[in-house]
Each structure stands twice: as structure tokens, then as C-alpha cells.
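To start, the structure under review is shown below, and the notes come after it.
Numbering of residues begins at 1 and proceeds along the displayed sequence.
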Amino acid sequence: MLEMMKSFSDVRLKIFEEFRFAAELLGAELVFLIPFAKRKENFMIRLSAGILCFLLFAQLYFFLPKGGTKSGMPGLDMVILSVVWYSFLVILSMVCCKCCFKIGICDLVFFTIAGFAAQHIEYALINELLAMQLVHALTEHFWLYAVVSLASCTFFYMAVYRLFGSKMVQCGGELFEDRPLFILFSVLLLAVLVASCFTEQHLFRFGDVRNGILVVMTDVLICTLILLVQYGCYHSSQIYRERRIVEQLLHERQKQYLVSKENMEAVTHKCHDLKHQIHALEQMSGGQRSEFLEDIRQSVLVYDSMAQTGHEVLNTLLTEKSNYCERHSVRLSIMADGAALGFMDVLDLYTLFGNALDNAIECVRQYPQEKRNISLSVSVRRQFLMIEMSNYFEGADRAELRDGIPVTTKEDSYSHGYGIKSIYAVVKKYQGEMEITMERSMFVLGIVIPVP
């Protein structure tokens, strides 16, 4: 009877360990992915089905062929089979996450590494250090062991989220582009992590190492170093992103300088013309004089079109863009409540509105004058800032969106879309949402941001 109870307890513990590994691995990946990646449609259904299938599939471990040597140690074939099986589970967890989130391959591998390293640190400390080294009787009390495992996992993952996961919101849903070199580096780092973890576990359980605590701490140290490498990659990506934004802002300032210079040259030219026009007015009859004065008045109105939105920075930006549109026969309609933008940083305003207007102007300038129409509205509804910009766009019904960004037909596909990505990064910074729709020959950019 005692043998049967002990056998039942061992089987229950093994089932729990397999269930635990799968649940903790997927949970660690979600700690990073939920604040980072954009969710697909029917997210909760996809996630629930994915978690259930993944946990059930993990139990197939017990149907794998078991073997060993006369000394009780697992044979080399069993060690290899075990490594292949758990590596396959890691890959399967990536597939599950890919079905739930809109995320690139490189970013997916990156966060899988971070999740696996975090999971293994918690597992090594609780299972291998606490249960198998310090408190041997813990595993004999199944429910106590389960509660300790659940509590430690919850506490550790909350700490990981506070330290790393919460910062993922600022990334705008993308860290690295899916370039072959980036993907190769991520895959190699994942392979190093898996090989290291299973090598340490083999030494801990079946090797001749006398001090198991030393093996556990080495295992934890390796996983921690890999997490630090991950953080270094993340930090480098953020620096690169900030550099791109600074370069873009400098480019915007250069364009604004050129626009201002063009305005000054136009004003100087008008002043020079006025000297001759005043002389000509003295020689004209009454009817001709009135008609000529009306032409002059219309010309002057172009340089007296200061936007009044209630926000000084937005006024300056929209005035520059309006004057540019006027000179290039682009009709820009603006209805903006600038007072609602007081909570946004000045650089963020330039990034958001500057990129959006530049993209729209570049798009409509290729069409005939009657189709050069751009509309911008900024308003507040129920404590939400609503921004909508629309412009004419031929082929909108045939255009393709990839990760929320229109697919370009230009040769410079690498730099294309960076303006939209910058806008998206600003929107995510303020916990907002952005949507692009293209239909009926119209390109519409919609943004919703909660007002603090």
C-alpha cells in the first residue's frame, strides 16, 4: 500500500513538473509580449486556445521512450531526446505567441530567450536549490510544494515585469527588423541558452559534482548574464531609435528653415514688386485700380494665414505647412482644438503632426490640382484625444497593409514607413491606439489617445 501511494505521489509530481514548465515558460514570454506587441483579432480566444493546447501537448513527454544505463543514469540517447523535446516545446511556445500577437520573427525569438531565461532562473532556485538541496522533504508534501512554486513564480514574474516588461510599452511594437543577421544572432543565443540549461541540469542530477548548490548558482548566473545581454540589445535598439528620431527632427528643422527661407524670399520678391506696382497704380484708371488692388490683397492673404488652434507649437507647425501647401496648390483643411494637446511633449507633437502632414503632402502632390486635398481634425471626446487626417490616394482599394503600415513600391523600402513608425511610437508612448484605413481612394490616419 505504501509503495502504491509513493508511486502515485511520484507520478503526480512528474505530471506537475511538466505542467509547471510549460505554464511558466509561456507565462514568462507573456510578461514581455503583452505590454510590447500588438494583439491580433480575437486575442482572448486565440490565447486561451493556445495555452490549453500547449499545456496538453507538454504532457506527451510521458509517452516518450525511456531508457537508461545499468548505473541508473540516463543514456546518451535519452539525454539527447530530452534536449530535443524541450527545445521543441520552446519552439512550440513561439508558435503559440505568434498566433496571438503581431510580432516579427526576430522580436519573437528575442522575447522567447528572455522568457526562457527568466523561467529557468525561477525553476533552478525553487526546484533544484530549495526542494532538492535545502529542504528535501518539500517535494513529499505535494500541495505545499505546489503553493510554494506558484507563489515564487508569481512574485518573481511581477518583479521581472516591473524591471523589464513595463518598459516594453515604449518600444512601439518593434525592436529589431527581421534581417538575416539579427535572426541568426537571436537563434544562436537561444541555442546557447538551451544547451547551457540542460547541461547544468545533467551535471546537477547525474554527474559527479559534489556541491549541487555550486551547479545551481552557475546555472542561475548564466541565465542572468543572458538576460543582461538581452537588456544590452534592448538598450542599443532604443539608442538607435532615439538617434533616428533626432536625425528626423534635425531633418524637419532643416526643412522648416528652407520653408522659412523660401517664405522670406517670396516676401522680399513681393516687396520688390510692390514698388513697381505702386508706380503702376498712379497711372491706372479707377476700374483697373480696383481690380489690381484685389489681386494684391489676395497675394498678401497667403502670408497672413497664421493658424489659431490654442497651442503655440501647433500654430507654428500648421502655419508653415499651410503656407507650403498654398504655394504648391494643395488644399489643407484644418479643424483643431490645440488646447487639448497640452499634455504632450513638444518633440512628440512635431514628430506626430510633422510626419503625418509631410506624408500626406508628398502623396497628393503627385496628383492633379483638383485632387490635392488634405483634411486634419483634432478634438476631444469623452476624455480621449481624437486625431484624424485624410487625403486622396489612388489605388487605396488595392494597397496592402503589413503590420499596420502600407507596403511600399519604392526601391528604398528600408527607410519607407519610418515616419509612420515614429508616429506609432509616439501614440504608444501615451497609451493610445493608431489605425490606418485605405478605401474609396482615401488614405485615413486615425489616432485615439487618452487625455490624462
Side-chain angles (χ1 to χ4, degrees), residues 9 12-37 39 43-59 61 86 89-90 92-94 96-97 100-101 103 108 110-169 193 197 200-201 204 213 216-217 219-228 230-231 234 431:
S9 178
R12 182 173 59 175
L13 185 61
K14 290 179 180 179
I15 293 175
F16 173 74
E17 291 295 354
E18 292 305 312
F19 178 86
R20 175 188 176 188
F21 172 79
E24 288 185 355
L25 174 62
L26 202 55
E29 293 174 10
L30 293 177
V31 165
F32 295 97
L33 288 175
I34 286 179
F36 171 80
R39 303 171 187 181
F43 171 75
M44 290 307 300
I45 297 177
R46 290 171 177 265
L47 182 62
S48 301
I51 292 175
L52 180 60
C53 293
F54 183 66
L55 294 181
L56 291 176
F57 189 88
Q59 303 307 313
Y61 171 79
Y86 286 106
L89 281 185
V90 172
L92 191 62
S93 71
M94 295 170 58
C96 179
C97 293
C100 299
F101 296 96
I103 185 172
L108 180 60
F110 179 86
F111 288 114
T112 299
I113 295 171
F116 186 36
Q119 183 274 333
H120 196 73
I121 289 175
E122 189 273 338
Y123 175 81
L125 291 176
I126 299 301
N127 179 271
E128 297 182 351
L129 181 61
L130 181 63
M132 300 182 68
Q133 286 290 324
L134 302 180
V135 186
H136 297 280
L138 184 60
T139 55
E140 298 176 3
H141 300 81
F142 175 77
W143 292 110
L144 177 61
Y145 178 60
V147 170
V148 170
S149 299
L150 178 62
S152 64
C153 179
T154 302
F155 176 79
F156 183 72
Y157 283 10
M158 287 177 62
V160 170
Y161 177 81
R162 291 293 299 272
L163 289 173
F164 303 106
S166 58
K167 295 181 174 61
M168 298 297 107
V169 179
L193 175 61
C197 290
E200 295 293 336
Q201 279 189 295
F204 174 78
I213 296 179
V216 173
M217 298 313 297
D219 200 7
V220 171
L221 178 60
I222 292 174
C223 290
T224 303
L225 288 175
I226 288 181
L227 278 177
L228 291 176
Q230 293 285 92
Y231 182 77
Y234 158 79
Q431 287 79 50

message: Let me confirm one number: the CZ-CG distance from Phe111 to Leu30, rounded to the nearest 0.5 Å.
response: 12.0 Å
Separation between SG of Cys223 and CD of Gln119, rounded to the nearest 0.5 Å: 9.0 Å
- prompt: Would you find more than 12 non-hydrogen atoms of other residues, nucleotides or ligands less than 6.0 Å from Phe155 atom CZ?
  reply: no
statement: Heavy atoms of Glu122 and Glu24 approach each other most closely as OE1-OE1, 2.9 Å
- prompt: Is there a side-chain contact between Tyr234 and Phe110 (heavy atoms, below 4.5 Å)?
  reply: yes
statement: Looking only at heavy atoms, the pair that brings Phe156 and Ile121 closest together is CZ-CG2, 3.8 Å
Donor-acceptor contact present, side-chain Ser48 to main-chain Ile45, <3.5 Å: no
message: Would you call the rings of Tyr86 and Phe21 parallel, tilted or perpendicular, taking 30° and 60° as the class edges?
response: perpendicular
field: Distance-minimising heavy-atom pair for Ala28 and Phe32
entry: O-CD1, 3.2 Å
query: How close do Ile51 and Cys96 get, heavy atom to heavy atom, and via which atoms?
result: N-SG, 4.2 Å
- request: Return the minimal non-hydrogen interatomic distance between Leu227 and Ala114, and the atom names on each side.
  value: CD2-O, 3.7 Å
Approximate separation, where rounding is to 0.5 Å, of Leu26 CG and Leu92 CG: 9.0 Å
- request: Report the distance from atom OG1 of Thr112 to atom CG of Leu25, rounding to the nearest 0.5 Å.
  value: 7.5 Å
statement: When rounded to the nearest 0.5 Å, the distance separating CZ of Arg39 from CD1 of Ile103 is 13.0 Å
task: Taking all non-hydrogen atoms of both residues into account, name the closest pair between Tyr161 and Pro35 and its distance.
output: CE1-CG, 3.9 Å
field: Rounded distance (nearest 0.5 Å) linking atom CZ of Phe54 with atom CG of Leu47
entry: 12.5 Å
